[in-house]
Student: 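Quick one: this structure, given as structure tokens, is what I'll be asking you about.
What you see below is based on every heavy atom in this structure, not just the backbone, and it leaves out hydrogens, waters and symmetry mates.
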Amino acid sequence: MCGIVGYVGTDQSVEVLLGGLRRLEYRGYDSAGIAVIDPLGRLGTRKRAGKLQVLIDDLEANPLANGATGIGHTRWATHGGPNDENAHPHLGDEGRLALIHNGIIENFAELKAELLLRHPATVFTSETDSEVAALLVGLEYQKTHDLSLALRTVVGRLNGAFTLLVLHKDQPGVVVGARRNSPLVIGLGDGENFLGSDVAAFIEHTHRAMEIGQDQVVTITPDSVTVTDFAGRPVETREFQVEWDASASEKGGWSSFMAKEISEEPVAVANTLIGRIVDGAVHLPELDTLGAGVLEGLDRIVLIGCGTAAYSAMLGKYAIEKWAKIPVDVELSHEFRYRDPVVSERTLVVSISQSGETMDTLMAVKYARELGARTLSICNTQGSTIPRESDAVVYTHAGPEVAVASTKAFVAQVAAIYLFALRVAEVRGTLAASEIASLLGELGAVPDQLAWVLEQQDSIKQLAGWMTDTRSVIFLGRHAGYPIALEGALKLKEVAYIHSEGFAAGELKHGPIALIEPGQPVFVIVPSPRAKDSLHKKVVSNIQEIRARGARILAIAEEGDVAVLPYADTVIRIPLASTLFEPLLAVVPLHIFAMELASAKGLDVDQPRNLAKSVTVE
Ligand code: F6R
């Protein structure tokens with residue numbers, strides 16, 4: 001939540017900052033602002049409520065003097081509504097210092113009261129916690145004229161989560177940043193350096209990046225980068241090469257990022273598998289950092305995540321229990337964190353997160369480590385915090401996901417967790433090598449099958465176009481279809497603002513069937529009739545039960561399944577796949593449906609109301 005960019009280099013700060021904010025806008029889009037020091041040493045700021053374009057239009061109509069040093073911010077409101085006053089930057093030292101902030105300063109009320117006691121004439125121009133930090137850093141700066149020291153002194157007094165960037169008009173060519181539990185990465189250029197909430201902020205300019213640890217402060221000038229802890233002691237840093245290229249985070253010719261990212265679902269899975277299936281076995285050397293014998297000695301796995309990531313965790317449970325025969329619990333990260341979970345050194349806590357920054361998940365990972373568990377992160381974002389806080393990381397290679405609603409990351413997460421499940425089965429000898437090779441063969445076939453499903457986009461678009469007046473949609477699935485029902489419902493709520501619920505089909509008769517009235521649309525994920533269980537028959541019975549009560553059935557069923565035809569109003573076909581692979585295919589029509597329905601209603605599918613991509617507050 002909130003995108004942050006900092007720049008020192010050439011006299012083109014305004015362009016660099018706006019380019020960075022454009023790529024970070026998915027993190028928050030309530031308001032945006034920049035601050036720039038011009039060559040005459042003047043500090044100019046501009047901030048506007050609304051999407052970034054409002055700020056850009058304002059700057060075009062009334063340009064700000066350009067300069068070589070600047071900071072920029074795109075906001076997801078926490079303290080104070082989304083208006084011009086609460087937009088960042090905020091000023092300190094009587095307008096000579098500008099500060100931007102991502103996160104929440106939990107003790108801001110106490111700090112504000114103290115500030116007013118010491119300086120009763122202080123005028124606050126916003127309702128934000130961030131302005132208090134700007135004023136405090138300004139007061140500290142007045143004492144020493146050392147911007148890094150001023151920021152370090154203040155962050156030592158803050159509780160909560162924050163990334164702060166500051167600049168001062170008397171220090172051209174310098175931006176100082178600090179972070180605690182909130183993201184910040186450094187971009188290393190030639191005669192210019194960058195700071196950003198994630199690498200998207202500077203990917204147009206450099207692929208060289210550096211991580212910043214917890215409770216660290218960074219000072220950038222055009223030719224230097226200095227990182228210290230909050231006490232000012234130098235710390236070791238790690239440089240890394242950003243694998244994404246700038247075009248990957250561009251919309252290209254697509255109508256939306258969501259459309260582009262759904263089209264990338266096949267390649268997201270393919271790239272996640274590349275190099276990880278070798279001679280019919282799983283190759284995941286990344287797991288070695290868990291420690292020798294850890295996988296063999298596990299007695300329990302806990303999978304944690306939020307939203308869509310939690311649904312991929314549910315599929316992970318089915319796969320791990322079936323293939324590796326270890327008990328698995330799935331929990332929402334925020335629920336895990338705030339109860340008293342029983343874990344031991346023989347528990348592996350696997351977090352799943354696209355952004356690697358979700359605060360609920362980060363806190364749960366830290367908590368799991370405190371309790372003595374080993375931790376593995378399945379993550380899509382290099383340089384992000386959750387992998388750094390985990391014992392091992394398996395990256396998904398879905399490429400940058402910009403649309404707020406997660407799509408391609410979901411299928412990549414499922415592919416990664418299936419690889420992990422098969423590796424654990426290998427290590428523990430719960431599956432024969434031939435069975436593992438055969439399952440890996442099925443996994444390897446998924447990208448082509450996904451491409452086949454995508455070819456049905458037009459008919460799903462037509463269906464969505466007919467349903468723009470729909471006020472409620474139900475999604476049903478059993479077993480591995482259940483998380484897909486939940487995912488279908490979440491996507492529809494999120495981007496089309498339509499009330500939708502996902503249920504386990506077996507649960508219908510225990511209550512939800514009361515919702516069925518004539519015309520109620522119900523998506524049903526139909527299991528394969530070829531599976532050796534009786535799930536298919538059971539789901540067809542469920543369809544009949546709700547059809548008899550007037551439901552309009554939209555079935556997602558495998559090619560050749562004729563049993564659903566008499567009862568379904570619409571059938572969307574997916575290729576033949578076994579029980580655990582079918583969900584990867586069945587989810588795509590639901591992603592397309594949500595996007596097309598939202599588009600047909602004229603909504604912005606990339607930036608749905610009230611949401612932000614990376615949820616960096618608890
Ligand atoms: C839904 C969605 C969210 C995220 C959730 C976790 O479309 O995007 O539910 O899945 O906020 O985010 P990450 O995976 O970044 O931890």
Side-chain angles (χ1 to χ4, degrees), residues 1-8 20 23-24 27 71 100 102-103 148 151-152 155 161-165 175-190 192-221 224-246 249 286 289 351 353-359 361-363 365-366 369 375-397 399-401 613-614 616:
M1 301 200 154
C2 299
I4 278 190
V5 55
Y7 176 71
V8 280
R23 290 179 188 279
L24 293 178
R27 303 182 76 98
I71 54 179
I100 53 178
N102 173 23
S148 168
L151 185 59
R152 280 190 271 125
V155 290
F162 49 81
T163 300
L164 297 167
L165 297 193
V175 173
V176 185
R179 72 170 287 237
R180 167 181 292 161
N181 289 332
S182 192
L184 185 62
V185 268
I186 307 166
L188 303 169
D190 196 4
E192 55 183 358
N193 286 307
F194 309 80
L195 295 170
S197 299
D198 65 51
V199 297
F202 47 75
I203 199 169
E204 265 178 285
H205 305 281
T206 180
H207 280 64
R208 283 177 59 215
M210 199 183 260
E211 295 177 352
I212 310 175
Q214 283 301 13
D215 289 2
Q216 293 184 356
V217 175
V218 54
T219 304
I220 58 167
T221 71
S224 68
V225 170
T226 314
V227 185
T228 69
D229 61 16
F230 281 0
R233 291 179 293 248
V235 293
E236 265 191 43
T237 50
R238 193 184 76 84
E239 199 180 315
F240 65 98
Q241 195 67 19
V242 181
E243 284 164 14
W244 297 344
D245 70 44
S249 56
E286 301 95 311
T289 55
S351 66
S353 174
Q354 186 286 130
S355 61
E357 299 293 351
T358 298
M359 182 64 80
T361 305
L362 172 62
M363 289 304 166
V365 169
K366 288 184 166 193
R369 288 187 83 169
T375 52
L376 168 67
S377 151
I378 293 187
C379 182
N380 195 45
T381 310
Q382 278 181 297
S384 59
T385 310
I386 295 172
R388 286 174 61 93
E389 296 289 330
S390 304
D391 296 308
V393 53
V394 172
Y395 281 107
T396 48
H397 296 299
E401 197 178 61
K613 179 107 189 118
S614 184
T616 55

Student: How far apart are the C-alpha atoms of Asp198 and Leu24, what are their side-chain angles, what is the distance that settles it, and do they pass the side chain to side chain contact (heavy atoms under 4.5 Å, CB included) test?
Tutor: CA-CA 8 Å; Asp198 65 51; Leu24 293 178; 3.5 Å; yes
Student: My understanding is that only residues two or more places apart in sequence, or in another chain, count here; which of them pass side chain to side chain contact (heavy atoms under 4.5 Å, CB included) with Ser148?
Tutor: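 Residues passing side chain to side chain contact (heavy atoms under 4.5 Å, CB included) with Ser148: Asp146, Arg152, Val176, Val217, Thr219.
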Student: Go through the structure and list residues passing salt bridge (Lys or Arg N to Asp or Glu O under 4.0 Å) with Glu357, not counting sequence neighbours.
Tutor: none
Student: For Gly356 and Ser384, work out which heavy atoms get closest and say how close.
Tutor: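 Gly356 and Ser384 have their closest heavy atoms at CA-OG, 3.4 Å.
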Student: Rounded to the nearest 0.5 Å, how far does CZ of Arg179 lie from CZ of Phe230?
Tutor: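 Interatomic distance, Phe230 CZ to Arg179 CZ, rounded to 0.5 Å: 9.5 Å.
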Student: Just to verify, what does Ser351 make a side-chain hydrogen bond (donor to acceptor under 3.5 Å, both in side chains) with, not counting sequence neighbours?
Tutor: none
Student: Give the minimum heavy-atom separation between Ala161 and Met359, together with the two atoms involved.
Tutor: CB-CE, 3.4 Å
Student: Which residues pass the side-chain hydrogen bond (donor to acceptor under 3.5 Å, both in side chains) test with Asn380, not counting sequence neighbours?
Tutor: Gln354, Thr396
Student: So, using side chain to side chain contact (heavy atoms under 4.5 Å, CB included) as the criterion, who are the partners of Thr237 when residues are at least two apart?
Tutor: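 Per chain and number, Thr237 pairs via side chain to side chain contact (heavy atoms under 4.5 Å, CB included) with Met210, Val227.
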Student: Could you list the residues that satisfy side chain to side chain contact (heavy atoms under 4.5 Å, CB included) with Asp190, not counting sequence neighbours?
Tutor: none
Student: Go through the structure and list residues passing salt bridge (Lys or Arg N to Asp or Glu O under 4.0 Å) with Glu243, not counting sequence neighbours.
Tutor: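 Counting only residues at least two positions away or on another chain, Glu243 forms no salt bridge (Lys or Arg N to Asp or Glu O under 4.0 Å).
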Student: Taking C-beta and beyond as the side chain, do Ile386 and Cys379 meet within less than 4.5 Å on heavy atoms?
Tutor: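 Answer no - side chains too far apart.
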Student: I'd like to know if the side chain of Glu192 and the backbone of Gly189 have a donor-acceptor N/O pair within less than 3.5 Å.
Tutor: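 No; zero donor-acceptor contacts below 3.5 Å.
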Student: So, using side-chain hydrogen bond (donor to acceptor under 3.5 Å, both in side chains) as the criterion, who are the partners of Ser182 when residues are at least two apart?
Tutor: Asn102, Thr163
Student: Check the pair Leu184, Gln216 against side chain to side chain contact (heavy atoms under 4.5 Å, CB included), reporting the backbone distance first and the verdict last.
Tutor: CA-CA 10 Å; Leu184 185 62; Gln216 293 184 356; over 6 Å; no
Student: Sequence neighbours left out, what passes side-chain hydrogen bond (donor to acceptor under 3.5 Å, both in side chains) with Glu211? Give chain and number order.
Tutor: Arg238, Arg388
Student: Write down the atom of Val5, the atom of Ile100, and the distance for their closest heavy-atom approach.
Tutor: O-CD1, 3.9 Å
Student: To the nearest 0.5 Å, what is the distance between CG on Asn193 and CD1 on Ile186?
Tutor: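 Reported to 0.5 Å precision, the distance equals 8.5 Å.
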Student: Looking at Ala178 and Val155, what are the two nearest heavy atoms and their distance?
Tutor: CB-CG1, 3.8 Å
Student: Compare every heavy atom of Gln214 with every heavy atom of Thr385, then report the nearest pair and how far apart it is.
Tutor: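 Here Thr385 and Gln214 meet closest at CG2-NE2, 4.0 Å.
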Student: Going by atom types alone, do Thr289 and Asp391 pair a side-chain donor with an acceptor below 3.5 Å?
Tutor: no
Student: Mind checking the CZ-CD spacing from Arg369 to Glu389? Nearest 0.5 Å is all I need.
Tutor: 6.5 Å
Student: With Arg23, which residues qualify under salt bridge (Lys or Arg N to Asp or Glu O under 4.0 Å), at least two apart?
Tutor: Glu204, Glu250
Student: Starting at CD1 of Ile71, measure out to OH of Tyr7 and round the result to the nearest 0.5 Å.
Tutor: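 Ile71 CD1 to Tyr7 OH: 15.0 Å, rounded to 0.5 Å.
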Student: So, for Ser197 and Cys2, which heavy atoms are closest and what is the spacing to 0.1 Å?
Tutor: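 Looking at all heavy atoms of both residues, the shortest contact is OG-O, 3.7 Å.
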Student: Can you name the residues that form a side chain to side chain contact (heavy atoms under 4.5 Å, CB included) with Glu236, not counting sequence neighbours?
Tutor: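 For Glu236, no residue satisfies side chain to side chain contact (heavy atoms under 4.5 Å, CB included) once neighbours in sequence are set aside.
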Student: Tell me whether the rings of Phe194 and His205 are parallel (<30°), tilted (30 to 60°) or perpendicular (>60°).
Tutor: parallel
Student: From the options Val218, Thr381, Val199, select the one residue that forms a side chain to side chain contact (heavy atoms under 4.5 Å, CB included) with Val185.
Tutor: Val199
Student: Checking Thr206 side chain against Leu188 main chain: does a donor-acceptor pair fall under 3.5 Å?
Tutor: yes
Student: Could you work out, with salt bridge (Lys or Arg N to Asp or Glu O under 4.0 Å) as the rule, every residue matching Arg180, not counting sequence neighbours?
Tutor: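 Result, salt bridge (Lys or Arg N to Asp or Glu O under 4.0 Å) vs Arg180: Asp215.
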Student: Look at the side chain of Glu401 and the backbone N and O of Ser355, then say whether any donor-acceptor pair between them is shorter than 3.5 Å.
Tutor: no
